[in-house]
Amino acid sequence: MQYYSRETYIHLNGDFVKAAEAGADFFGQSLHYGYAAFEGLRAYSTHHGIRIFKAEEHFDRLKKSCDAINLPYQWDTPALITSTYELLSKNNLRAAYIRPLVFSGPNMHLTAASSSNIMIAAWEWGPYLGQNLLRVCISDVERPNPKSLPVDAKVSGQYVSSILATSDAIKRGFDEALLRDQEGYIAQASSENLFIEKDFKLYTPPLGNVFPGITRQTVIALCKELNIDIVEKKLTVADILSADSAFLCGTASEIIGIKEVDGIVYKEDWEHTIGASIQRKYKKLVLEEENYEVII
Ligand code: PMP
């Protein structure tokens, strides 16, 4: 996959520079130790123009992630949002995935950085896990322990375990991996939150050992709007395998149904699940299509 061309701009510390001409420092602490924080946002081409979905929440979470690891953060959310819209325009992008990254400079010590940089890139990217129902497996790789890393911060280093889990899943013929927390409950997928449906209710693991996904929060809000019972509860392997249906969610993958877990196929037809209703509703929300039919 080619993320940029010679014409692509990135935003770097307040300036727009060509991606192909910008360089990173080989002595950078972030490169060596994974000491960096990032975000993933999506812009949609809506009837009201280009809209970045929940931009404020994402940039606020970026600040929180940096604060959690004492990485200096000297930017404010409205200015970053304005720069991101400008970046989309400079790159002629309407629908795009957006990746802000805060990273530190050269430092080979294991000490907190005294300054940092921000880079924002954007590229066209379809749903991260595709559009077909997923075959997932339960990984032997566990989520990072919250006592060794702030797991609710989007910190670069912790994604090594996601890379291990997903690449092992793919090697074994699956699409994605579900990871246990350190107590043995199923927490989430490598970079998506998990919901299961059982007896017309939705269940999702509570915060604590899972990443506080903005899409997860959106799904919970949609359930409330649609009068769907949603329960935040620790989920066992047995809960996952005996569910009626399940889905993953995240900004990059949006809402995507799971067909089977470790070879056990969900019996309910996806199109008739609560997940499918949420998927349709989410699409309308991000495209700002709600009430559009009424307006035109
Ligand atoms: N879990 C992890 C580990 C993530 O990195 C992400 C974001 N890619 C998610 C879940 C989903 O979060 P969001 O809905 O905010 O994109």
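When reading the values below, keep in mind they use all heavy atoms of this one structure, side chains included, and skip hydrogens, waters and symmetry mates. Remember, it's a predicted structure, so these values are computed and weren't measured experimentally. When a residue number appears, it is its place in the shown sequence, counting from 1. Remember, it's 1-based here, ligands and their atoms both numbered in the order they're listed.
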Can you confirm whether or not the ring centre of Y282 sits under 6.0 Å from the ring centre of F247?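 No, they do not, as the ring centres are separated by 6.0 Å or more.
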So, for W123 and Y4, is the gap between ring centers shorter than 6.0 Å?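 No.
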May I ask whether Q217 places a heavy atom under 4.0 Å from ligand 1? no
Would S191 count as a contact residue for ligand 1, given that I'm defining contact as a non-hydrogen atom of the residue lying under 4.0 Å from a ligand atom? yes
Please say whether [X] places an N or O atom under 3.5 Å from an N or O atom belonging to ligand 1.
X    : answer
H58  : no
R143 : no
R216 : no

Can you confirm if the NZ or CZ of K259 lies within 45° of the ring axis of Y266 and under 6.0 Å from the centre of its six-membered ring? no
Lys NZ or Arg CZ of R135 over F174 ring: under 6.0 Å, within 45°: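 That pair qualifies as a cation-pi contact.
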[atom] - nearest protein heavy atom and its distance:
atom                    : answer
atom 4 (C) of ligand 1  : Y159 OH, 3.5 Å
atom 1 (N) of ligand 1  : Q188 NE2, 2.8 Å
atom 8 (N) of ligand 1  : K154 NZ, 3.0 Å
atom 14 (O) of ligand 1 : T215 OG1, 2.5 Å

Is it true that, when you exclude F211 itself, more than 12 heavy atoms of the residues, nucleotides or ligands shown sit nearer than 6.0 Å to its CZ?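 Yes, the 6.0 Å shell around CZ holds more than 12 heavy atoms from other groups.
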For [X], atoms of ligand 1 separated by under 4.0 Å from a heavy atom:
X    : result
E192 : 1 (N), 10 (C)
G213 : 12 (O), 13 (P), 14 (O), 15 (O)
S190 : 3 (C)
T251 : 13 (P), 14 (O), 15 (O), 16 (O)

Considering only heavy atoms, which of N193, I214, V210, L194 lies nearest to atom 15 (O) of ligand 1?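 Answer by nearest heavy atom: I214.
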Work out which heavy atom in K147 is nearest to a heavy atom in N145; give both atom names and the distance. N-OD1, 2.8 Å
Considering non-hydrogen atoms only, spot the tightest contact between G130 and I256 and give its length.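 Of all heavy-atom pairs spanning G130 and I256, the closest is O-CD1, 3.6 Å.
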Here the gap from E197 atom CD to E268 atom CD, rounded to the nearest 0.5 Å, amounts to 4.5 Å
Can you confirm whether the side chains of E56 and T77 place a donor and an acceptor under 3.5 Å from each other?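 Side chains of E56 and T77: no pair found under 3.5 Å.
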